[in-house]
Visitor: 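Below are the structure tokens for one structure; questions will follow.
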Number of protein chains: 2
Amino acid sequence: MALEHAILVSLLEQPGSGYELARRFDRSIGRFWTATHQQIYRVLRRMEADGWIAAQEVAQDGRPDKKVYAVARDGRSVLSDWLREPVEPETVRHELAVKIRAAAFDDPAALISEVTRHRESHAALLERYRTGEQRDFPPGTELDPQQQLQHVVLRGGIEYERMTIAWLDDVLATLHRLSR
Amino acid sequence: MALEHAILVSLLEQPGSGYELARRFDRSIGRFWTATHQQIYRVLRRMEADGWIAAQEVAQDGRPDKKVYAVARDGRSVLSDWLREPVEPETVRHELAVKIRAAAFDDPAALISEVTRHRESHAALLERYRTGEQRDFPPGTELDPQQQLQHVVLRGGIEYERMTIAWLDDVLATLHRLSR
DNA sequence: TCCTCCTATGCAACGAGTTTCATAGGCAAC
DNA sequence: GTTGCCTATGAAACTCGTTGCATAGGAGGA
């Protein structure tokens, strides 16, 4: 229900084509909202028809033409209205937690390699976040409001990864204890 | 894709009817997997047809009859196979993070009440988790493997809430700074 | 008595999201 | 020189999840 809004935010930060948006959703925006190019193209067409965004054809050489979208006045007011609505509760889908409880009815040791793999990928993500933080928000710099808000969201991602790594260590210790 | 597996785990922990499962998904299981009664009834019928679970009609007095499901042999092997498959990446949907970045193009102060509301609901959830932890896992008790795994999942929930509350305080400080 | 809530299960319609496939030119490697 | 990858957009089919509605008996309160 809010892919439209995530796209509006991304286009306000920087106008772009469907393809470019799809890549952003694979990277920075994808930290808190995922979408495939199929979804993005479909929603872009609807948003353009509704007058939330406006497209401009851009010819490129050596590459296919692209349609660059920018947020229109109606889109800004839609976003403003949405900002003032209460956030609806997120639907939780924590597959690893289900597996951990499932391990009680199977061999707990079977999960160790999978949990270790998760721990490594979260550690790698934490490293990338911290590198990005030092690059984009070095200490002692004046940040404009947009950057301050981006930074506080990134800090949330960093704290989430830290907490998750510590918890996965706890999970691993428990699995090892049960495997003896 | 894994509602089936969450149901199998819940039925292994305790057999029950569709209605009872729906209530569990509103409570404990709902911490890491949500589902409505519609989804549950539909999936239960498919799982019974596939021989993963077996139903037994139970007549009750003063209440409608119910169908109590238990995991069949095929269901156990399905769960065992699934446990050994890699966890597929979760799709992230963090609406509040989108709104925080959206606030850069609107009035940051408009978000303060909403973030405060979130902080309070996370604090209340943390309290419930900690009460449940003291009740179900008092220190100095011998826990069987199933309880140890339930406990480590609950510890994850507690740490998640703690981290989230600290981050929301950070968000609130940032929003207040920008509102001056 | 009527109203509402709880237990218990289900149908039908819709909307959101995923998967697979298609097109089409340019670039680089082998 | 063909194979594979990147940019760029899209159709079609399908699955998953949500919402609204229906049924039906019993309990409890105003």
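A, B, ... follow the sequence lines: proteins, then strands. Residue 1 opens every chain. For the numbers below, each heavy atom of this structure counts, side chains included, while hydrogens, waters and symmetry mates do not. The shown structure was predicted, so the numbers you read here are calculated from the model rather than taken from an experiment.
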Visitor: Is there a side-chain contact between L21(B) and I7(B) (heavy atoms, below 4.5 Å)?
Guide: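 The answer is yes, as the side chains (C-beta and beyond) meet within the 4.5 Å cut-off.
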
Visitor: Round to a whole Å and report the spacing from CE of M47(A) to P of dA16(C).
Guide: 13 Å

Visitor: Regarding R117(B) and E114(B), does a basic nitrogen lie under 4.0 Å from an acidic carboxylate oxygen?
Guide: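 Salt bridge: yes.
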
Visitor: What is the distance from CD of Q39(B) to P of dG15(C), rounded to the nearest Å?
Guide: 18 Å

Visitor: Please encode protein proximity along nucleotides 4-9 of chain C as a string of B, S and -, counting only heavy-atom distances under 4.0 Å.
Guide: ---BBB

Visitor: Taking D170(A)'s backbone N and O only, do any of them form a donor-acceptor pair with T174(A)'s side chain (distance below 3.5 Å, no angle check)?
Guide: yes

Visitor: Distance check: side-chain N/O of R45(A) vs OP1/OP2 of dA11(D), anything under 4.0 Å?
Guide: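 The answer is yes; a side-chain N or O of R45(A) sits under 4.0 Å from OP1 or OP2.
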
Visitor: May I have the distance from I40(A) (atom CD1) to dA16(C) (atom C1'), rounded to whole angstrom?
Guide: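 In whole Å, dA16(C) C1' and I40(A) CD1 are 14 Å from each other.
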
Visitor: Decide, yes or no, whether a salt bridge links E159(A) with R162(A) under the criterion of side-chain N to carboxylate O below 4.0 Å.
Guide: yes

Visitor: Is a side-chain donor-acceptor pair under 3.5 Å present for H176(B) with R180(B)?
Guide: no

Visitor: In plain terms, say whether E13(B) and R24(B) are close enough for a salt bridge, that is, a side-chain N and a carboxylate O under 4.0 Å apart.
Guide: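 No, this pair does not count.
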
Visitor: Which whole-number value in Å describes the distance from L3(B) CG to dG17(C) P?
Guide: 18 Å

Visitor: Check if the side chain of R42(B) and the base of dT18(D) share a donor-acceptor pair of N or O atoms closer than 3.5 Å.
Guide: yes

Visitor: Return the value, rounded to whole Å, for the distance between atom CZ of F25(A) and atom P of dT9(D).
Guide: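 To the nearest whole Å, that distance equals 15 Å.
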
Visitor: From CD of Q56(A) over to P of dT9(D), roughly how many Å is that when rounded to an integer?
Guide: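 Going from CD in Q56(A) over to P in dT9(D) covers 14 Å.
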
